[in-house]
Amino acid sequence: MRFRILGPLEVERGGEQLHLGGGLQRVAMAIMLLDANRIVPVNRMIEAIWGEAPPETARNQIQIRISQLRRLLGDTAQPHRLLITKPPGYRLRVERGQLDLTDFDELTEQARLENPAQAARTLRAALALWRGPMLSNVRSDLVQRIVHGVQERRLLAHEQCIELELGEGRHQQLVAELRGLVRDNPLRERLHGLLMLALYRSGRQAEALDVFRAYRVMLQDTLGLVPGDELRRLELAILNQNAELDSGPAIVSQTPVPRQLPPMISRLSGREVEMRRISSLLDETGAGTGLPIAAIVGRAGVGKTELALQTAHRLSPSYPDGQLYIDLREGELQPTNVLSQFLRALGVTVIPRLLEERGALFRSTVAGSRVLVLLDNAGSFEQIRPLLPGGSPSAVLITGRHHPIGLPEHRVVRLDVLGNEGAVELLTHDIGAHRAALEPDAVRTLAEQCGGLPLALRIAGARLAVRPQWTVRTLVDLLSDSRTMLDVLSHGDLEIRASLDVSYQGLSRKAQRLFRRIGLLGSPQIAHWLGEALLGDDAAQDAFDELVDASLLVRRGQRYVMHDLVRAYAGESALTGDGEEQRRTAVERACKRFLFLADRAHQRSYGGHFTLLRGKDTGDSQDDGLADALFGNDPLGWLEDERTTLLASVRQAAAHDLDELCWNIAMTAITLFEVRAYYDEWRTVAEIALESCRRAANTRGEGAMLYSLSTLAIFQQRYNEAQPLLVQAIDIFELIGEVHGMALALRNLALSMRVRGEVDVALDRYRQALPLLEAVGDPAAEGHVLVSIAAIHLEEGRLGEAEPLLDRALAIFRDEGVPRGEAQALKRIADLALLRGDAPRALEEFEGALAIVRSIRDRIGETYVLHGTGEAQAALGRVDQAERVLSHALAMAQELGERHIEGRTRLSLGLLLSQQGDPGGVAHLEKAHALFTDMEAERWRAKAAEALARSR
């Protein structure tokens, strides 16, 4: 296989050029070749093909193109070897020597290590790989933006080649070539310099000076600029007929080598393991690899910057082309300004105006160079992305408080506090080995008091270093009083608390109160509506503005963020500035406001107070105006954005003995958790609320949280874990006469038994739950039970009994406005049509369900509907379409961790492929069997076993 993109896109297989088909297919191939051996997300492919206005069918069309490309490349057998599905997209596997761009990069890198004469020949070989404008037969704005950067690498290689050849005395042969390059790249200052030098060495001094004058006039007329210093010095040297111009290397503008790393003034302690890991992550500069990148994340004061600088200094000899450094101030610096600084440090004098142009120029300037970029105190990944080089041999080291979204976990070094040994070592270094040896026990105690936090250890060491009359025990004694600890852990420029005191004291009374209440809640972000609740005052904007002006809050969109250290200080201020009853009242107001909004979000998603229990505390008495203003058309989207507030509310409600509010919030949050698969958060809030209710002897709340945890276990297909939780919940609900809770728990118990193969018992439990739900007025839950009963009838072949139940459920969901339930009913109606042999009707119903689940971003539901759609396509004989849709469903199931639908999808895929004689089918069936066995899903395990027996 041979891929060529340095010119028109061409693909050869077995020496024969392949016809790639239409324009969309060429774009898909091009974007994957540009990122060969790396995952290309589906969203990036969509952007490449359709730009900012993709059709609704974009994802399906991508699947079609991928399937067509696989057939074209002869990669149809499972598992695929060349074009591999890898969530969230696809990866095109390219071996060494198969892609001309990789060959070009390898040759240019090789030239760096050779003597001038050989390097020039190697660069000529690299340039010979170009057959014209890169990917000239591919129409895509995104592709062409990427191409621009690669074209820049071509120009750099061409310039380097000519410069080397000039050094070998080939000036006369190069004049015509240089004139063509200058004509095609009129703003390329280095080319003008090379042409001037070639002409001068050829005895054409006047022409050389004419080149300079023409360039100067053009630059002035078009951009209002003048040539750079180096080119002006070259003009002067030509005028003076400087003897240095006659031979040797070309004298033209050279890229400066930036050395921007701040100095290190102290030795690093206790971080050798982390430093070795970072060095390993950055030492990935082989051909064909992506950009070597590592991120150090951790809380304030943990020593991220110190570790990054120490590592960067140690690695600097490996990056001879320079080291760039910037403190991004956690999002304060704009990428546009940072790129300007970087470009000027690299010798670029003409800086483009737009961010995209600056980013492209930066990547082009460092292409092929070994440059280390250190981005300190980074904010969001949006701030980081434009500052990244295009790939190896450069490397990037990032520090920040949070994991940059989009960066793989294996590239993140999570920095925690130092262990005892490392903390003692750091203190010993700062106070001196002799002093530490006199009081080894006190040194260990001091290290423990500082909690292993490097910032605290540095301050403690500094205080002892400037007070030789103190013993280590003196400081230990001072730190034993928690009320004065922050005072003691302050020294010189490391005076944290005093600077916060100055800012705090300058606030108005209302702003001070808001500051304390934010610290009390303990959430890293806060919205305006929540601040009003904490204050008990609807006029909070001035107080927010004061906190922003004092740098105690940072405004991020519609929310405000408080730094960790500032929040710790705010929390301490809450304890000293407010009484216990004031704190409890503030937390109660905030939790009630949040519960009100979460409850409204649930209502608007389910059409009413359906499918979950409600406690006595159901939020404050706000009207719906606030919810309307916050939700827009996406109540679940709002709730998702407030996840940190949700967790903080549950924790604080528990901490202030507001058990009824605590379990109500945790219960209402299921609305979000079950649709968006936030299983970790679900478990956290349910367990906190369960403990709160048990502590308060709140029996109903305890039963509700046991039921919640059982629902979570069912969603995660841990049916053995769900059953004992349900038994406990049912016992509690029966004891206290809680009918609604009993009905919901019976529904869960039925589902658990149904999956385990106890179909008759499950049907009995569903039938027990149904009249109870009718009695308490929960039509949405009633509809879900009807769908579940119908599903059992479908599985048992009783199609006539299933149909009226599904019609009744669909009517309920539509009457009550429950889109998720409507989609589930439509999905089962489609299943019924499929069992009756009416595949076109089934496909129509599946499409209706798919539109609904996508509109509410129910990805789990989408996976189930796609599975059904694939089965309908298979029933219609559309094998290729069925395989594409089922493969997409499988990828989604794996991404979401939904093992049950993964097993069912593998079962369907296995049967489909086996019927076509594809040996990959057996592998899918074996994996399905293993999944169902592990889940103890007996009915589906038996189906998989039967399918395996038929296929072998």
Side-chain angles (χ1 to χ4, degrees), residues 591 595 598-599 602 606 609-619 649-651 653-655 657-671 673-674 679 681-716 718-756 758 761-762 764-778 780-782 784-785 788:
C591 289
L595 178 57
D599 185 65
H602 172 80
Y606 277 80
H609 293 115
F610 305 141
T611 72
L612 54 80
L613 293 176
R614 302 177 79 217
K616 292 177 291 185
D617 273 334
T618 56
S649 298
V650 170
R651 287 193 176 99
D657 298 325
L658 299 167
D659 51 282
E660 193 72 10
L661 270 172
C662 185
W663 80 258
N664 262 275
I665 295 172
M667 174 64 76
T668 309
I670 296 176
T671 308
F673 296 154
E674 66 181 4
Y679 298 145
E681 289 95 333
W682 188 341
R683 179 174 296 279
T684 296
V685 299
E687 289 179 345
I688 290 172
L690 178 61
E691 176 58 30
S692 177
C693 289
R694 283 174 170 167
R695 194 168 57 243
N698 186 332
T699 308
R700 186 165 181 263
E702 179 183 357
M705 289 302 94
L706 289 168
Y707 159 75
S708 172
L709 287 167
S710 79
T711 308
L712 169 61
I714 287 172
F715 266 81
Q716 294 186 298
R718 299 195 311 271
Y719 302 105
N720 285 339
E721 181 181 323
Q723 200 143 341
L725 292 169
L726 285 166
V727 171
Q728 291 179 64
I730 289 171
D731 286 346
I732 288 174
F733 291 144
E734 188 173 25
L735 178 67
I736 64 175
E738 170 52 58
V739 177
H740 195 188
M742 173 74 77
L744 294 173
L746 284 169
R747 180 188 65 167
N748 272 10
L749 189 60
L751 175 58
S752 175
M753 291 178 165
R754 173 185 157 203
V755 172
R756 290 162 59 90
E758 300 176 49
V761 179
D764 287 342
R765 297 294 177 269
Y766 278 132
R767 286 169 174 161
Q768 279 182 264
L770 198 57
L772 299 179
L773 292 169
E774 292 173 352
V776 298
D778 190 342
E782 180 187 346
H784 286 302
V785 171
S788 297

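What's counted below: heavy atoms across the whole structure, side chains too, no hydrogens, waters or symmetry copies.
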For the residue pair G741 and L613, what are the closest heavy atoms and their distance?
-> N-CD2, 3.4 Å
Taking the side chain from S708 and the backbone from A704, do they hold a donor-acceptor pair closer than 3.5 Å?
-> no
Going from CG on L735 to OG1 on T699, what distance comes out if it is rounded to the nearest 0.5 angstrom?
-> 7.5 Å
Closest approach of S710 and L726, non-hydrogen atoms and distance?
-> OG-CD2, 3.1 Å
Answer yes or no: is there a side-chain heavy-atom contact under 4.5 Å between L773 and H784?
-> no
Output for pair (M705 CE, L712 CG), nearest 0.5 Å, gives 11.5 Å
Are E721 and L709 side-chain neighbours, meaning at least one heavy-atom pair lies under 4.5 Å?
-> no
Separation of L772 CG from E738 CD (nearest 0.5 Å) = 10.5 Å
From Q723 CD over to I714 CD1, what is the distance, rounded to the nearest 0.5 angstrom?
-> 9.0 Å
Do Q716 and R683 have side chains that get closer than 4.5 Å, going by heavy atoms?
-> yes
Separation between CZ of R765 and CZ of R754, rounded to the nearest 0.5 Å = 15.5 Å
Any side-chain heavy-atom pair from Y766 and L751 closer than 4.5 angstrom?
-> yes
Are the side chains of F715 and F673 in touch, meaning some heavy atoms are under 4.5 Å apart?
-> no
Of all heavy-atom pairs between E702 and C693, which one has the smallest distance, and what is that distance?
-> N-CB, 3.7 Å
Please determine, by modelled atom types, if D659 and S692 share a side-chain donor-acceptor pair under 3.5 angstrom.
-> no
Between R695 and D657, is a side chain to side chain contact (heavy atoms under 4.5 Å, CB included) present by the stated rule, with each step listed?
-> CA-CA 9 Å; R695 194 168 57 243; D657 298 325; 4.0 Å; yes
One should read off an interatomic distance between L706 CG and I730 CD1, to the nearest 0.5 angstrom, of 11.0 Å
Step-by-step side chain to side chain donor-acceptor pair (under 3.5 Å) determination, R747 to Y707 | CA-CA 11 Å; R747 180 188 65 167; Y707 159 75; 3.1 Å; yes
For residues G703 and A729, report the shortest heavy-atom separation together with the two atoms involved.
-> O-CB, 3.8 Å
Does any non-hydrogen side-chain atom of C591 lie less than 4.5 Å from one of I665?
-> yes
Non-hydrogen atoms of V685 and A666 that approach each other most closely | O-CB, 3.8 Å
Less than 4.5 Å apart, any side-chain heavy atom of H740 and any of F733?
-> no
